[in-house]
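Proteins come first, then strands; the chains are lettered A, B, ... in the order of their sequence lines, and each starts at number 1.
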Amino acid sequence: MIERILGLGRRGCDVLEALGRSALFLAQAAVGVPSREGWYLWLRQMHFVGVLSLAIVIVSGLFIGMVLALQGYTILVDFGAEQALGQMVALSLLRELSPVVAALLFAGRAGSALTAEIGLMKATEQLTSMEMIGVDPLRRVVAPRLWAGFVALPLLTIGFSVVGVYGGYLVGVEWLGVFEGSYWGNMQASVDFIDDVGNGMIKSLVFALVVTWIAVFQGYDLVPTAEGISRATTRTVVYSSLAVLGLDFVLTAVMFGGFS
Amino acid sequence: MIDSPLVEVKGLHFSRGEKTIFSGVELQIPRGRITAIMGPSGTGKTTLLKLIGGQLVPDVGRVLIDGHDVHALSRKALFGLRRRMGMLFQSGALFSDLSVFENVAFPLRVHTDLPEAMVRDLVLMKLQAVGLRGARELMPSELSGGMARRVALARAIALDPDLVLYDEPFVGQDPISKGVLVQLIKKLNQALGLTSVVVSHDIPEALSIADYVYVIADGEVMAHGTPTSLDVDQDPRVSQFVHGEPDGPVPFHYPAPEFYRDILNQEGRS
Amino acid sequence: MKRSKTMELGVGLFMLAGILGLLFLGLRVSGLTFTMPTDTFRLEANFANIGSLKPRARVTMAGVTVGRVTAIELDTDWYDARVILELDAELEGQLSRDTTAAILTAGLLGEQYIGLTVGGDPEMLVDGDTIRDTQSAIVLEELIQQFVSNMVSD
């Protein structure tokens, strides 16, 4: 029994220690002094995590919007309220689905790649040799990736929403015959820019920070072997998915839960 | 001052977790010479280089480079000191997202504000020295192991350091590349007046270029001297290592119960 | 460092697309408009019950949107709801004093909005005036209650 409690205590200490280390790591990486070089490194990572993730996000957004419209229509039509379809599609996308699904896709597409890339750089001693040359790898390698992720995911989320709303329009208006005016009109009457679009963006920024942070930290902290890299990549996807879903609940409760 | 050693390691103790790696290592690395640090695999030779480079902190003991205690320096001063050090990693450790040219130019761009034309001239000079001027547009993934190590060498000497640390430069190389690297290390040492530290367990190569040799085993310096004096050393451990005998004081067998008892032991079977 | 124009272009387009997307979300999805404040004028209307009318709800006239609800507050003199409307400036001086404002519902479950109907008074409403003739929201529960009590008394 005592053994178990001891073990639990040890686990707890390990977790706390890892948390502390990753917080320190974030603080050190985030305050990199931006230089012209740094700007360019950031640009390159933006291309990697942002532009190259665009396709999967756009396609998923389109399908999610279409499915929402289809499902929403079959429910709303029973109440004769199919003109509220636009409202339903837009609110579910802006408040929940875009930030969450885009973040999950981002964790799978870009987060795992970031972990593997940094892990491989560690395994091949590139990070150590950078340090020996007198360059801090936190600034040179980690900071641009962290900032690129932080900027790219909200942009991807916007793209997801736009495409999703359009996908809902395609199915709802073009296929199922909801009146176009009421699709947009209802949407505009019920969506508030600050409350819905703004809060969705705040969610997205939080998710962006958490997912990229987990990804780069797992890469930086892994055991530099082939097995270590594959484990860290899995951990990145698992931890960031859980973190996104958990935080989403907390943020939703604070933003829309009426605790004000 | 000229004759004082560039690197001094005093009473170094280091352990990783439960495992003691060094227990009181004393080293003196003379200026302008090639010093080889040898020892069986797993004795922490690479760890020793990392301690000298300031990446690891010893439990007890000091590492002095040119009179500065490496582990008492601020982060900034340490990075400044590293400008005067080059390190060649076992794997080469070239930055995989940069071309050969950019890899060699990297330290120059980071530490100097030289105009682009001068960076280009310097990089081409260094690449010429390792014979890979023609490969400057290639990416590290397109290089063979030996070529990658030569590029890494060019990068290590890009800033004309005082001290170059070589971590197992000969491991996994074919005889031709080994020969090339031996030649390069020797030539660069003479031409640039470098102090070189070569960590290796490739005895013939290391002995052929070293001016002075330290043999490390069991966390301590087991023997030191010139290559010729080590060759005739009477200590059985030294002679086993230097002559590459399979069995001796360092046993061939991993510790185990006696063979016949292990064979006859029925408990393991079911 | 070697620069790649296509990559720079890609990132540039990506960020531009993000900004345009945000604009789309603002204008098309949440219906923000860039009209100047001078383009509107304010009217007030008191309702006994606003139902679930919310700020930013539409104000229509013959089904055409002519403005928005900007604020809803409790009028402590009368203990009813004071609704502030912002209407297109071109309607200023065009609406008669006896214009009616009614809270209507789009469909059975749709959002609530305000419908205006002009009367025949020769005097016109100007900025800051109050619409006297109002019709409260129809609250479904009250309707049912009325219906049930009528049934019982019959």
Go through A/V165, A/D192, A/V151, A/V163 and name the one with the most non-hydrogen pairs under 4.5 angstrom from chain C. A/D192
Pick whichever of A/L156, A/D196, A/V162 has the most heavy-atom pairs under 4.5 Å with chain C. A/V162
Nearest 0.5 angstrom please: [X] [atom1] to [Y] [atom2], how far?
{"X": "A/L43", "Y": "C/M7", "atom1": "CG", "atom2": "CE", "answer": "4.5 Å"}
{"X": "A/I158", "Y": "C/F24", "atom1": "CD1", "atom2": "CZ", "answer": "12.5 Å"}
{"X": "A/M46", "Y": "C/M15", "atom1": "CE", "atom2": "CE", "answer": "5.0 Å"}
{"X": "A/Q188", "Y": "C/R68", "atom1": "CD", "atom2": "CZ", "answer": "7.0 Å"}
{"X": "A/I194", "Y": "C/S30", "atom1": "CD1", "atom2": "OG", "answer": "9.0 Å"}
{"X": "A/H47", "Y": "C/T6", "atom1": "NE2", "atom2": "OG1", "answer": "6.5 Å"}

Looking only at heavy atoms, which two atoms of A/A90 and C/V29 are closest? And how far apart? CB-CG1, 3.9 Å
Under 6.0 Å from the [atom1] atom of [X], do we count more than 12 heavy atoms belonging to anything else shown?
{"X": "C/R42", "atom1": "CZ", "result": "no"}
{"X": "A/F179", "atom1": "CZ", "result": "no"}
{"X": "A/E174", "atom1": "CD", "result": "yes"}

Of C/K54, C/R28, C/R58, the largest count of non-hydrogen pairs under 4.5 angstrom with chain A goes to C/R28
For chain A, which candidate among C/T65, C/L22, C/L25 shows the most heavy-atom pairs at distances under 4.5 Å? C/L25
Turns out that what part of A/L94 lies under 4.5 Å from chain C's heavy atoms comes down to side chain
